[in-house]
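Taking it in order: structure first as structure tokens, then the write-up.
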Amino acid sequence: MRLSKLFGKTQREIPAEADTASHQLMLRAGMIRQVAAGVYAYLPLAWRVLKKIENIIREEIDRVGGQELMLSTLQPFELWQKSGRDQAFGQSLFTLLDRRERKLALGPTHEEVITELVKYNVQSYRDLPLLLYQIQTKFRDEPRPRGGLIRVREFDMMDLYSFDADEAGLGESYHKMLEVYRNIYARCDLPTVMVEADSGAIGGKESHEFMLTTEGGEDEIVHCPDCTYAANADKAENNKGMVGGGEPLPLAEVSTPGVVSIEEVSNFLKVPPSHTLKAVFYIADGRLTFVIIRGDLDVNEVKLKNILGGIDLRMATEAEVTAAGIVPGAASPVLKIDIGDPTRAKANLALWCSRGIKIIADDSVTLGTNFIAGGNKPGIHLKNVNYPGDFMADVVADIARACAGDKCLRCGGKLQSSRGVEVGHIFKLGTFLSEKLGATFVDQSGVSYPIIMGCYGIGVGRLLAAAIEQNHDSKGIIWPSSIAPYQIYLCPLYLENPRVAEIAEKLYADFTVQHLGVLFDDRIESPGVKFNDADLLGIPLRVTISPRTLEKNSVEVKRRSEKASHLIPLNDMFNGLEELI
RNA sequence: CGGGGUGUAGCGCAGUUGGUUUAGCGCGCAGCGUUUGGGACGCUGAGGCCGGAGGUUCAAAUCCUCUCACCCCGACCA
């Protein structure tokens with residue numbers, strides 16, 4: 001390709017709209033152009049890279065027997081109602097009405113459509129297992145698109161769906177895909193970390209994410225340096241440890257004038273935060289929910305949401321808490337403190353229940369004794385609060401946020417945290433979709449069962465962006481050669497010099513014939529401009545021709561990723577380049 | 001949806017307080033000339049409904065009202 005003809009110009013100044021490295025560089029390199037919020041046009045350079053990534057994905061999936069197909073973007077809205085996932089996706093689902101007022105959705109993913117398709121093409125266990133995939137544009141009306149291609153509303157995505165007859169089969173498919181994913185990222189030269197993940201709106205049980213670690217990443221990863229444990233912070237668990245003071249003692253009120261926060265309680269009564277209980281209030285699907293957790297921990301809202309099975313969750317305002325007759329800053333589940341009454345804990349729970357308030361406790365409240373908690377009166381706290389003697393909860397579960405510095409649940413090591421971009425996510429879906437949509441098969445004995453499903457996604461555009469996040473310097477992009485739009489940047493200086501022009505044209509023709517993937521900077525520009533554009537575009541190998549190199553019958557060759565350059569004799573071009581590519 | 005911010009040429013910006021006549025600057029773009037191994041220089045030139053609508057006024061990029069778009073933080077979300 002001749003640079004003078006390439007559609008898309010490089011830009012010297014950083015566009016004001018971008019503040020993510022990959023976003024800035026793609027705009028400056030003339031790779032993308034924003035069409036609307038979270039909607040982009042992909043210019044030839046970007047499109048070439050996307051196709052390279054797509055092809056690596058295709059090759060690796062085809063190798064294990066996956067079959068590519070093409071599904072519709074327009075999907076009947078009823079299909080989403082049938083699966084119930086119209087609720088899970090909510091506002092993120094783009095919908096529209098056709099001329100007959102029939103509601104359609106722009107596919108945010110294709111599980112429903114493919115399950116319908118499989119339903120009509122699979123009847124027997126003999127048709128299974130099956131690995132079907134597609135690489136298509138998907139649509140999600142994200143609340144806030146951001147970071148260029150990191151989070152967009154219209155995006156290129158590979159989705160593979162597995163269909164199996166039993167759990168063991170699903171396990172095999174899952175494992176197979178896990179290996180495929182590792183191979184794909186390895187071939188793209190993009191090191192990723194596999195972490196345990198929350199399955200979110202997609203649903204299902206087991207799921208793993210593949211994270212490309214980079215400082216600007218929008219996800220937090222918690223991992224243990226001493227064992228293999230790694231998880232998304234949404235899902236990560238920690239060892240909370242036992243705290244507190246031995247045998248349960250009798251409840252007692254203590255005066256705590258003006259003391260509200262955990263920090264204040266801790267200072268005032270001279271106890272560590274881990275010896276206190278923190279009350280937090282949420283509105284879950286419109287209902288006030290009381291969450292109780294040990295004072296040294298914070299609530300992980302994703303875990304809480306999963307426990308509640310709720311769709312809409314937010315913190316309650318102080319007004320909402322007060323309106324429910326609760327004293328903010330002194331709330332606890334202990335309303336009735338009659339210490340002689342062995343049924344007081346049950347009575348407390350019944351009191352809350354009668355007020356229509358559900359109590360969710362983090363399991364940390366069971367990991368210790370004699371806590372300080374609110375007295376449900378201003379300026380009063382309780383000491384020696386114990387579970388389950390003094391209070392109980394509707395649900396006790398792990399709803400705590402694991403943080404860097406916490407102990408690893410598996411090995412006791414010290415957890416660390418880092419940031420990453422999610423570039424792949426695999427899920428064991430199970431049968432909830434096939435049951436709802438009636439996708440069944442008959443086994444050997446002629447009995448009908450729902451097909452067991454898995455799904456496996458890679459955001460191709462996001463992978464492109466993440467690749468740049470991970471591979472750039474102050475001058476520009478540094479493409480891994482496996483996904484680079486071109487391999488060679490042919491860079492003649494002083495093109496008006498006939499000898500330079502002659503050699504440049506000859507090399508361009510030679511490289512083209514050899515299918516090396518060459519971008520020929522045939523512009524009459526100063527060396528500075530050419531070198532800077534070469535660095536910005538990040539093509540792995542720069543081949544410079546100038547009167548100076550031709551004096552030595554050579555060209556200069558430099559890798560984008562390295563500082564040093566060296567001369568290769570013209571008559572040994574082939575061998576010289578062979579070594580470098 | 002809450003909070004903050006920005007809309008003036010392809011890109012980056014000034015001008016808005018304090019009303020004007022031809023709306024500026026840099027980059028980029030076109031032509032000519034001089035240059036040339038890390039974003040050269042000179043001259044000439046093209047390019048604008050100042051986000052949109054309405055209003056005030058002799059006069060609006062500038063003041064008022066309403067709207068739209070985009071960015072950032074949060075909520076939310078692969």
Side-chain angles (χ1 to χ4, degrees), chain A residues 8-20 23-24 27-28 30 33-39 88-93 108-109 111 138-153 155-159 197-204 207-211 217-219 232 234 282-283 301-302 305 311-315 317 420-427 455-463 466 474-476 491-497 500 523-536 542 544-551 556 558 563 565:
Chain A
K9 285 205 172 80
T10 59
Q11 232 176 252
R12 195 174 304 194
E13 290 184 85
I14 299 169
E17 69 187 32
D19 58 6
T20 312
H23 191 193
Q24 292 178 347
L27 287 168
R28 286 188 53 211
R33 169 94 189 176
Q34 187 174 70
V35 175
V39 180
F89 271 89
Q91 296 267 293
S92 294
L93 205 57
T109 173
E111 282 87 14
K138 315 233 173 183
F139 299 84
R140 295 183 196 177
D141 196 358
E142 293 290 339
R144 185 151 91 84
R146 74 180 94 182
L149 295 191
I150 300 287
R151 180 171 293 280
V152 288
R153 299 194 297 165
F155 54 102
D156 189 33
M157 182 170 174
M158 186 291 295
D159 248 335
D198 178 73
S199 56
I202 301 289
S207 101
H208 288 91
E209 286 168 337
F210 292 79
M211 296 284 193
E218 52 173 12
D219 284 296
N232 189 307
D234 288 344
Y282 286 88
I283 303 289
E301 293 184 6
V302 173
K305 203 168 161 177
I311 288 134
D312 188 34
L313 183 76
R314 64 171 172 85
M315 286 272 255
T317 63
V421 176
E422 178 194 351
V423 290
H425 200 156
I426 61 180
F427 306 77
C455 81
Y456 314 81
I458 293 181
V460 183
R462 182 183 277 185
L463 190 56
S474 61
K475 289 264 174 185
C491 187
L493 307 181
Y494 318 117
L495 248 185
E496 55 282 16
N497 175 320
V500 170
R523 302 170 306 171
I524 311 268
E525 285 287 358
S526 69
V529 170
K530 292 194 167 201
F531 288 151
N532 278 295
D533 275 344
D535 287 344
L536 174 58
R542 189 182 77 194
T544 308
I545 310 162
S546 73
R548 190 193 287 183
T549 68
L550 291 182
E551 262 173 41
E556 180 200 272
K558 179 187 171 297
K563 242 193 138 84
S565 62

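Lettering follows sequence order; numbering is per chain, from 1.
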Pairwise [atom1] distance, [M] and [N] [rounded to whole Å]:
N	M	atom1	answer
B/C13	B/C58	P	38 Å
B/C50	B/G45	C1'	23 Å
B/A60	B/U20	C1'	9 Å
B/G26	B/A9	C1'	13 Å
B/G48	B/U8	C1'	8 Å
B/A75	B/G4	C1'	15 Å
B/U35	B/G47	P	32 Å
B/C72	B/G55	C1'	33 Å

Considering Watson-Crick and G-U wobble pairs with both distances under 3.5 Å, what does [N] pair with?
N	result
B/A53	B/U65
B/U21	none
B/U36	none
B/G28	none
B/G74	B/C1
B/A9	none
B/A59	none
B/G48	none

Would you classify [X] as touching base, sugar-phosphate or nothing, given that sugar-phosphate means primed atoms plus P, OP1 and OP2, and contacts are heavy atoms under 4.0 Å?
X	result
A/Glu142	base
A/Val152	base
A/Glu301	sugar-phosphate
A/Arg314	nothing
A/Thr549	base
A/Gly8	nothing
A/Leu27	nothing

Could you tell me how far apart [X] ([atom1]) and [N] ([atom2]) are, to the nearest whole angstrom?
X	N	atom1	atom2	value
A/Arg462	B/A78	CZ	P	10 Å
A/His23	B/C70	NE2	C1'	11 Å
A/Asp19	B/C70	CG	C1'	13 Å
A/Asn232	B/C77	CG	C1'	12 Å
A/Ile283	B/C1	CD1	C1'	16 Å
A/Asp219	B/C77	CG	P	13 Å
A/Glu17	B/G10	CD	P	14 Å
A/Glu496	B/U34	CD	P	12 Å

Contact summary for [X] and [Y], nearest pair of heavy atoms:
X	Y	answer
A/Pro145	A/Glu142	CD-O, 4.0 Å
A/Glu111	A/Cys455	OE2-SG, 3.2 Å
A/Ala18	A/Gln24	O-NE2, 3.1 Å

| message | Below the 4.0 Å mark, does B/C11 have OP1 or OP2 next to a side-chain nitrogen or oxygen of A/Arg33? | response |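 Yes, within the criterion.
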
| said: With a 4.0 Å limit, can you tell me whether A/Arg151 has a side-chain N or O closer than that to the phosphate oxygens OP1/OP2 of B/A78? | reply: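 False: A/Arg151 side-chain N/O out of range (4.0 Å or more) of B/A78 OP1/OP2.
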
With a 3.5 Å cut-off and just heavy-atom distances, do the side chain of [X] and the base of [N] make a donor-acceptor pair?
X	N	answer
A/Arg542	B/G38	yes
A/Ser546	B/G37	yes
A/Arg28	B/G39	yes
A/Glu556	B/G37	yes
A/Gln11	B/G10	no

Rounded to the nearest 0.5 Å, what's the gap from [atom1] on [X] to [atom2] on [Y]? Could you check?
X	Y	atom1	atom2	answer
A/Arg314	A/Tyr282	CZ	OH	12.0 Å
A/Leu463	A/Leu149	CG	CG	11.0 Å
A/Arg462	A/Met157	CZ	CE	9.0 Å

| query | Can you check whether A/Glu525 reaches A/Asp533 side chain to side chain, under 4.5 Å on heavy atoms? | reply |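 No, every pair of side-chain atoms sits at 4.5 Å or beyond.
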
| query | Between A/Asn232 and A/Asp198, is any pair of side-chain heavy atoms under 4.5 Å apart? | reply |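 When only atoms from C-beta onward are counted, A/Asp198 and A/Asn232 do not touch, as no gap falls below 4.5 Å.
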
